[in-house]
Amino acid sequence: MANKPQIRSNSSALIAMIADEDTITGFLLAGVGNVDLRRNTNYLIVDSKTTVKQIEDAFKDFTTREDIAIVLISQFVANMIRFLVDSYNKPIPAILEIPSKDHPYDPAHDSVLSRVKYLFSSESVAGDRR
């Protein structure tokens, strides 16, 4: 239990976002956006000009920052870097895939939902053996 990750309690934690412009705008209007003194933001707007490398770099940056507790990523963007999203296994920051205006949510591609289904199927199998 000593290796349990902790969210810093002396300051608030941020929500990071990787999504299309409309989704990011909605969250910014809700007050989720942050720009630090070095002009680093907690979001990446993905459009037709955004490269997969930029998305990968933003995902790696957000998942290693200590001030971020949750990373919201549009599912269509997560599909572009599926190998990174599926291989991420730390509890903090949590990765949540969300739908966007132009791309509906597909539960078959959600890595968190897949892990939950796996855990519950393993528990039900182990529970039957008792």
Side-chain angles (χ1 to χ4, degrees):
M1 299 249 182
N3 294 336
K4 195 177 222 184
Q6 298 286 326
I7 297 177
R8 298 183 333 189
S9 60
N10 59 350
S11 64
S12 61
L14 299 174
I15 296 175
M17 298 160 292
I18 304 173
D20 60 282
E21 185 175 12
D22 291 337
T23 304
I24 298 287
T25 300
F27 278 98
L28 292 178
L29 289 171
V32 175
N34 184 60
V35 180
D36 65 13
L37 295 173
R38 295 184 185 144
R39 310 287 258 165
N40 294 325
T41 62
N42 65 326
Y43 58 88
L44 173 69
I45 298 174
V46 177
D47 58 16
S48 60
K49 298 175 186 171
T50 308
T51 64
V52 173
K53 175 83 168 111
Q54 289 172 309
I55 298 169
E56 289 174 5
D57 291 343
F59 182 84
K60 290 175 184 175
D61 178 46
F62 293 153
T63 54
T64 55
R65 281 177 48 179
E66 291 182 10
D67 61 338
I68 293 180
I70 300 171
V71 177
L72 298 177
I73 183 167
S74 290
Q75 194 173 51
F76 84 95
V77 176
N79 288 337
M80 294 179 190
I81 58 166
R82 179 58 57 197
F83 62 96
L84 275 178
V85 174
D86 287 346
S87 65
Y88 182 80
N89 59 3
K90 297 178 185 173
I92 299 171
I95 309 300
L96 299 175
E97 295 180 30
I98 60 173
S100 65
K101 186 173 98 176
D102 298 327
H103 300 88
Y105 175 76
D106 182 6
H109 290 209
D110 191 333
S111 62
V112 173
L113 187 59
S114 298
R115 290 177 190 172
V116 169
K117 284 181 180 179
Y118 174 76
L119 288 174
F120 278 114
S121 65
S122 297
E123 286 180 11
S124 64
V125 170
D128 293 340
R129 291 182 188 164
R130 292 181 192 166

Test side chain to side chain donor-acceptor pair (under 3.5 Å) applied to D61 - qualifying residues, sequence neighbours left out: none
Set of side chain to side chain donor-acceptor pair (under 3.5 Å) partners for E21, sequence neighbours left out: none
Residues in salt bridge (Lys or Arg N to Asp or Glu O under 4.0 Å) contact with K60, at least two apart in sequence or another chain: none
Partner residues of T51 under the side-chain contact (heavy atoms from CB on, under 4.5 Å) criterion, sequence neighbours left out: K53, Q54
R39: partners by side-chain contact (heavy atoms from CB on, under 4.5 Å), with sequence neighbours left out: none
Under the side chain to side chain donor-acceptor pair (under 3.5 Å) test, residues paired with T41 that sit two or more places apart: none
Salt bridge (Lys or Arg N to Asp or Glu O under 4.0 Å) contacts in which one or both residues fall within residues 72-81, not counting sequence neighbours: none
Results of side chain to side chain donor-acceptor pair (under 3.5 Å) for N42 - residues two or more places apart only: none
Side-chain touch D102/F76, heavy atoms, less than 4.5 angstrom: no
Whichever hydrophobic residues join L37 through chains of side-chain contacts under 4.5 Å: none
Side-chain donor-acceptor pair present, T23, D20, cut-off under 3.5 Å: yes
Contacts of type salt bridge (Lys or Arg N to Asp or Glu O under 4.0 Å), residue K49, not counting sequence neighbours: none
Under the salt bridge (Lys or Arg N to Asp or Glu O under 4.0 Å) test, residues paired with R82 that sit two or more places apart: D86, E97
Qualifying ring-ring contact (aromatic ring centres under 6.0 Å, His included) pairs with a residue from residues 13-55, counting only residues at least two apart or across chains: none
Candidate pair T25 and D22, rule side-chain hydrogen bond (donor to acceptor under 3.5 Å, both in side chains), full reasoning: CA-CA 5 Å; T25 300; D22 291 337; 5.4 Å; no
